[in-house]
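Structure first, commentary second.
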Protein chains: 2
Amino acid sequence: MQTFATSNFMKKKRITLVDLAKELELAASTISRALDNHPGISIETKEKVLKKAEELGFTRNSIASSFKKNKTLTIGVIVPRIDIHFHSLVISGIEEFAYKAGYNVTIFQSRDSLEREKEITKILQNKMSEGVIICLGTETNSYEHFEKLNRMKVPLVFYDRVPTGMEANKIVINDFESAFKATEHLIEIGCKRISHIGGNQSTGIFKARFEGYKAALTKHDFPIDESLIYFTKDLSYEEGALFAEKLVDLVPRPDGVFCSNDYTAVSAIQVFQKKLVKIPEEVAIVGFSNYPISKIIEPHLTTVNDRAFEMGLAAAKLLIGQIEEEEEIIQTEIITIKTELLIRESSSR
Amino acid sequence: MQTFATSNFMKKKRITLVDLAKELELAASTISRALDNHPGISIETKEKVLKKAEELGFTRNSIASSFKKNKTLTIGVIVPRIDIHFHSLVISGIEEFAYKAGYNVTIFQSRDSLEREKEITKILQNKMSEGVIICLGTETNSYEHFEKLNRMKVPLVFYDRVPTGMEANKIVINDFESAFKATEHLIEIGCKRISHIGGNQSTGIFKARFEGYKAALTKHDFPIDESLIYFTKDLSYEEGALFAEKLVDLVPRPDGVFCSNDYTAVSAIQVFQKKLVKIPEEVAIVGFSNYPISKIIEPHLTTVNDRAFEMGLAAAKLLIGQIEEEEEIIQTEIITIKTELLIRESSSR
DNA sequence: AAATATCATGCAAACGTTTGCATGATATTG
DNA sequence: CAATATCATGCAAACGTTTGCATGATATTT
C-alpha cells in the first residue's frame with residue numbers, strides 16, 4: 001500500500017552517536033567521551049562535537065546508556081495515595097533531593113491494596129529502579145514481597161508506616177514522644193480531663209501515639225479514663241465528629257482533647273463550637289500532622305509538625321547513599337525526624 | 001587488598017535469559033518467547049521455563065528489553081509542585097490510568113521556575129519517556145523548550161495551565177463557563193452587588209474566570225463595578241483576607257462574592273464572619289476548585305468541582321493513545337472536562 | 001638522540017533482550 | 001505416498017552506548 005510505505009518511510013530515525021561520529025570522522029568512543037567531558041579528549045574536539053550535536057539535534061539515548069552502564073538513575077516510590085497531603089509532601093521532598101542528585105522518581109499508588117502493592121514490587125524487580133521508597137498500605141501485614149526485593153539487593157527505605165519486625169531502613173517520627181509532648185502540653189496549660197481520639201490501633205504509628213498519650217497522663221498522675229478514649233477506623237473528619245459528639249455530652253465534660261490527626265481535631269473543634277463550648281477556654285484541642293487546614297480553622301489548631309517534606313529528603317538521601325555505596329550494604333538505618341509542637345490558638349490559655 | 005577482592009567477588013551477577021537458556025538447554029529466543037506467552041511455544045516448554053525462572057529468581061532485565069524494543073513504557077509528568085492538592089489529584093488520575101495501561105509515571109517539579117522547567121525538558125529528550133504531561137509554571141512565557149520536544153516526536157499533553165497560541169494537546173476545564181455559572185448562581189439567589197476576588201490576570205485560566213464573571217453580570221444587566229473587583233497575586237489565603245477586609249467595609253456592602261479559588265473564598269468567609277456579617281443571608285460566597293477544606297469550613301462552601309482526578313485520567317488516556325498510535329500524529333486535541341457547581345451552605349438561601 | 005612520559009584518539013567487545021528467518025519434525029491433505 | 005501445512009525451536013544480528021586496552025604522535029626527560 002502506498003500510504004503505508006510512505007508513512008513507514010517517513011519515520012525518521014533518531015540521530016545516534018555513530019551518526020555523529022561518521023559526520024565528524026571520529027570514533028564513537030571519542031564522541032561518547034567528548035560528551036562526558038572526559039579529560040582525555042582535546043578541547044577542540046569537544047567543542048566540535050558539542051556543536052555538531054546541537055546542530056543535528058542529537059541527544060544521548062539514555063536507555064542504551066542505562067543498559068550498558070547498568071544504571072538507571074531512577075528510584076521508585078510506593079505510597080498508598082498521592083492525593084493525601086502528607087504523602088504529596090513527602091514525595092515533594094523525595095523529588096527535590098533526587099532531582100539534585102540526578103535521579104528520576106517513578107511513583108506508584110498501592111491504594112492501600114496489598115495485591116496491588118505486590119504487583120508493584122513485581123514490576124520493580126526488573127532492575128528498572130535502583131532503589132525503592134515505601135510507605136506501607138493499611139492492608140499490608142506480611143513483608144515477603146519486600147524481602148524478595150531485598151534479596152535481589154535492591155535498596156529499600158520505608159517511611160511513616162514501616163514494617164514492624166523486619167530489619168530495614170526506616171524514616172520515622174517519634175510518634176510516642178510527639179504524642180507525649182502534645183498531651184503534656186495540655187496538662188501544662190491546666191487541663192484536668194484529657195480525651196483522646198485515636199487512629200486504628202493495628203497501625204503502629206497510631207498505637208504509639210496512644211501510648212504517648214497514656215504515658216504523659218501517667219507521668220503526671222492522671223488516671224487513664226477509658227470513657228475519654230475513642231478509636232476511629234481511619235481518622236476521617238466524619239468519624240471525628242461522631243466521637244466528638246459523644247465527648248461534648250459527657251459530664252463532666254473533657255477540658256482537653258488530643259487527636260491523632262488534624263481532620264478529627266478540626267471536626268472536634270466544630271462540634272464543640274456548635275455546642276457553644278469555648279475553645280480554648282473550656283476545652284483545648286491538639287491535632288497531629290500540621291495539615292494546611294490547621295492554620296485556617298478558627299481558632300487555629302495546635303498540632304504536631306511532622307515535617308513530611310524533610311522525611312522525603314531524608315528518605316531519598318538515605319536511599320541514594322545506599323545505591324551509590326560501592327561495598328555491599330551490611331547495615332540498616334533508622335532515622336527519626338524531629339517533630340515540633342506548633343502551639344496555636346486552640347490551646348493557648 | 002583481601003577485603004576488596006572478596007567483596008568484589010561476592011557481587012553476585014543477575015540471572016539472565018541466557019543463563020536460563022543454558023540451564024534448560026534451550027535457545028534464549030525460546031525463553032524470551034515462552035515468557036511472552038508466545039503462541040509458537042509449546043505449553044510444556046512454557047511451564048518448564050516459568051518454573052525454572054521462578055526457581056532461579058529470574059526476572060527480565062527491563063532496561064535491556066526497553067533498549068531493544070525502543071519502548072520504555074514510561075511517561076513523564078511536569079507539575080509546578082506536587083504538594084498542591086489539585087496537582088496531586090491530577091497525578092493520581094494519571095498514575096491510575098497509566099498503571100492500568102502498563103505504563104510507569106515519572107514526576108518532576110518545576111517549582112514554577114522556568115529554568116528548571118527547561119532543564120527537565122532537556123532530561124526528557126533522551127527518549128526515556130515516551131510522552132510527557134505538563135502543567136506550565138507561572139514563569140513560563142515561551143514554549144520553545146516544549147516545541148523542541150514536539151519536533152522530536154515526543155507526544156505532549158498540557159493540562160490546566162496550557163500554552164496559549166501553541167497548537168498542542170490540552171486538557172482544560174471551561175473556566176469561562178464555570179465562572180459564568182457560578183456568578184449566575186449568585187444572581188439567581190438574589191445577590192445584587194457581586195464582588196470578584198480573582199487570580200493573576202496574566203494566567204489564562206484566571207483571566208477566563210474573570211471574563212465569565214463579567215459576562216454573567218452583563219447578561220443580567222448588572223453593571224461592572226470596578227470597586228468590587230480585586231486581583232490577587234497568587235490567590236493565597238492571606239491575600240484573600242486582605243481583600244475581603246476591604247469588601248466588608250464597603251458601603252453598600254457586596255452581598256455576593258465569587259472567588260477564583262477556595263483559599264480566598266474561605267478567607268472571605270472568615271473575614272465576613274468576624275464582622276458578624278451573616279453567610280449566606282447577608283453575603284453569599286462561592287469558591288473554585290472544590291478543595292477538601294470547602295466541605296469542612298462552616299458554612300460549607302459552594303464551589304466549582306474541577307474534577308482534577310478526571311483531568312489526570314483524560315490526560316493519560318490521550319497521551320498513551322498518541323504514544324501507541326502507529327501512524328504519524330497529525331492532529332492535536334483539546335479536551336474540555338465538564339465542571340459542576342457544588343451548591344453548599346455558603347450560597348443556599 | 002635515545003628512552004620515556006603524556007596526550008588524543010581508535011578498536012572492538014560487551015551489555016541482555018528481541019525478532020525475522022531458517023530448520024527440522026510432525027501432522028494433514030489430495 | 002508425495003506434497004504441503006503446521007508446529008516448536010534455534011540462529012544470529014541488531015539495538016546504541018561504554019570502556020579497557022592499544023596505538024601512534026608529540027613532548028619531556030636523561
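These numbers were taken from a predicted model, which means no experiment stands behind them. Each chain gets a letter, A, B and so on, in the order its sequence line appears, and its residues count up from 1.
- In this structure, the side chains of B/Met311 and B/Ile94 stay at 4.5 Å or more apart for every pair of heavy atoms.
- Between A/Leu17 and B/Thr30, the residue anchored nearer the 5' end of DNA chain D, judged by the nucleotide with its closest heavy atom, is B/Thr30.
- Listed by residue number, B/Ser42, B/Thr45 are the residues of residues 42-56 of chain B with a heavy-atom contact under 4.0 Å to DNA chain D.
- The only option from A/Glu119, A/Glu117, A/Arg111 that meets the side-chain contact (heavy atoms from CB on, under 4.5 Å) definition with A/Glu115 turns out to be A/Glu119.
- At a threshold of 4.0 angstrom between heavy atoms, the contacts of A/Ser65 are confined to the sugar-phosphate backbone, with no base atom among them.
- In this structure, B/Gln109 contributes its side chain and B/Ile78 its backbone to no donor-acceptor pair below 3.5 Å.
- Pairs passing the side-chain hydrogen bond (donor to acceptor under 3.5 Å, both in side chains) check and including a residue from residues 157-167 of chain B, sequence neighbours excluded, read B/His87-B/Tyr159.
- Side chain of B/Arg14 to backbone of B/Thr59: a donor-acceptor contact under 3.5 angstrom is found.
- Heavy atoms of B/Leu26 sit under 4.0 angstrom from primed sugar atoms or phosphate atoms, though from no base atom.
- By the 4.0 Å N-to-carboxylate-O rule, B/Glu144 lies close enough to B/Arg151 to be salt-bridged with it.
- Note that the two end axes of the helix from C/dA1-D/dT30 to C/dG30-D/dC1 enclose an angle of 40°, each drawn from 5 base pairs, rounded to 10 degrees.
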Ignoring hydrogens and angles, write down the donor-acceptor pairs under 3.5 Å from the side chains of residues 120-137 of chain A, residues two or more places apart or on other chains.
unit_1   : atom_1 : unit_2   : atom_2 : d
A/Thr121 : OG1    : A/Lys118 : O      : 2.6
A/Glu130 : OE2    : A/Thr72  : N      : 2.8
A/Glu130 : OE2    : A/Leu73  : N      : 2.5

Stepwise side chain to side chain donor-acceptor pair (under 3.5 Å) check, B/Tyr103 with B/Glu95: CA-CA 8 Å; B/Tyr103 282 73; B/Glu95 197 273 345; over 6 Å; no
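- Along DNA chain D, read 5' to 3', the first and last nucleotides having any atom under 4.0 Å from a heavy atom of chain A are D/dG16 to D/dG20.
- In summary, the side chains of A/Ser42 and A/Thr45 do present a donor paired with an acceptor at a separation below 3.5 Å, with no hydrogens or angles considered.
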With a 3.5 Å cut-off and sequence neighbours excluded, list the donor-acceptor pairs that the side chains of residues 21-37 of chain B form with protein atoms.
unit_1  : atom_1 : unit_2  : atom_2 : d
B/Asp36 : OD1    : B/Arg60 : NH2    : 2.5
B/Asn37 : OD1    : B/Lys46 : NZ     : 3.0

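- Nucleic acid contact class of B/Arg33 (heavy atoms, under 4.0 Å, all strands): base.
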